[in-house]
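The structure displayed is predicted, hence computed values, not measured ones. Order of appearance sets the numbers: ligands from 1, and atoms from 1 within every ligand.
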Amino acid sequence: MKKLNTSMNKVAALFCFTVITFINVNALNTKPFPKDFKFGVATAAYQIEGGWNEDGKGENIWDHLVHTNPTAVANNDTGDTACDSYHKYKEDVAMLKYLGVSHYRFSLSWTRLLPNGFANKVNQRGVQYYKNLIKELKDNGIQPLVTLYHWEMPQTLQELGGFLNNNFIDWFGDYAELCFKLFGDDVTNWLTFNEPGPICQHGYGLGDLAPLYKSPGIGEYICGKNLVLAHARAWHIYDDLFRSKQKGSVGIVIDSRWFEPETNKTEDIQAAEVMRHFVWGTYINPLINGDHSSIVKEKIAKRSKQQGFKRSRLPEFTEEEQKYLKGTLDIIGLNHYSTYLISAQKHPDPDAMGFYVDCEAVARQSDDWEKGGTDWMRVVPWGIRKLLKWIKHTFNNPKIMITENGFCDNKDKLLDDDRRINYIKTYLSNIRDAMDKDGVNVVGYTLWSLMDNFEWTLGYTQKFGIYHVDFNSPNRTRTKKKSADYYKKVIATRCLTDM
Ligand code: BGC
């Protein structure tokens, strides 16, 4: 009897342990977020403003793409009017006020300020628009968090090569300096580039985002080099001329999925780590440590040599550039949406070139994961916690602001958006765990997005907003979704609760 009891106890203990483990993994972290933790929402100029040629605004690469190559976007949609925030910004700020956010992340349209891209001619009406928006925010106690470049290269500069021309570093520096001068008394938190990955890998590698330039494995790496140097230029300008007076910070926004090894095999564990370094080691490592991660340099150099190139397709930084780059990041902006399973590529094609083949890894998502509106939108909340922990260990515990995170569906006017609420809740719970249990330095969370908007080549088919926008009405009427009230409650209580 005793024996039986003992083994039953063991079974009971095991059961209990399993249940507890299960509960721990899935349990909602209801511990309040710290008092100084910031909750906000995000948008980007081309995705919401409209007014594409109003009041002296110049053409950018997205204006150019939708007008010259309309089939590149779902339903031939354009951002010509988008959410019409150029005229309705006061309504947007009223929505922000209702939510109770501490900050609003938006971007400046370069060609609204500098119609030809160069800093010799400033468009005063464009300046006024952003002054008005910033004043409206400040009057309502909301801090602006401003992205200088959210994918809107002036068309004139694109015609000179855009990111492939190393004069871009000067052009961007001039533009950034102007913005610091014009708005820096009210804006203290700056982000230079939104997502180098899509800018370079998709804009200049795969060529499936504007400017649709296809140069896998070559152009995309030149883009990356000029981009990080342009970031450093802006950071140095801020540091030399503005920081002591304006007392702000300059960061960059990186998009990163979590890359989980497909199996426990060493080769898959290594492949996942290589993949992480391809994303972080190409853009963030240079800004923190002055150079690309060695894993990335070695892989691309090896493949380039096999392919008969005289030098690596990944352009090196000179010693002087390395010094210039190192330590030019005050804060990391993290955009995170989903997770991928990574395995080692068994037979890499030796001739293939490009970011996604140079890493010699295969990525996929599991069909078991809940799917949102697009193929890549899979709900994997634990991924964000693992990613945050990895960033902490890899980069010596940097300051992180979540600059985007959110859920898309593809149903119009789905106001009872319970799946979005679940996404926000479970991702935030994992962020809270990362802070609380893993000691990650996350200072804020910025939900994507305030309202449904122009989702790049997917046009208006994907809805990320916590406000619905009626794109069929000239008024672009905004209507609150259930998730807006959920988020409002989270902000007010600083706690995750059930709705
Ligand atoms: C971009 C946003 C985009 C969002 C959803 C991010 O990559 O910064 O502009 O709308 O993802 O796809």
(Q) Salt bridge or not between Asp330 and Lys399? Use side-chain N to carboxylate O under 4.0 Å. (A)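 No, Asp330 and Lys399 are not salt-bridged.
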
Would the [X] and [Y] ring centres measure less than 6.0 Å apart?
{"X": "Phe278", "Y": "Phe259", "answer": "no"}
{"X": "Tyr283", "Y": "Phe193", "answer": "no"}
{"X": "Phe407", "Y": "Phe464", "answer": "no"}
{"X": "Tyr175", "Y": "Tyr149", "answer": "no"}

#### Entry: disulfide bond (SG atoms under 2.5 Å apart) pairs, two or more places apart, involving residues 198-238
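Every disulfide bond (SG atoms under 2.5 Å apart) pair that includes a residue of residues 198-238, provided the two are not neighbours, is Cys200-Cys223.
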
Problem set entry | Set of residues that line ligand 1, where lining means a heavy atom lies under 4.0 Å from it |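 Answer by chain and number: Gln47, His150, Asn194, Glu195, Asn335, Tyr337, Trp376, Glu404, Trp448, Glu455, Trp456, Phe464.
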
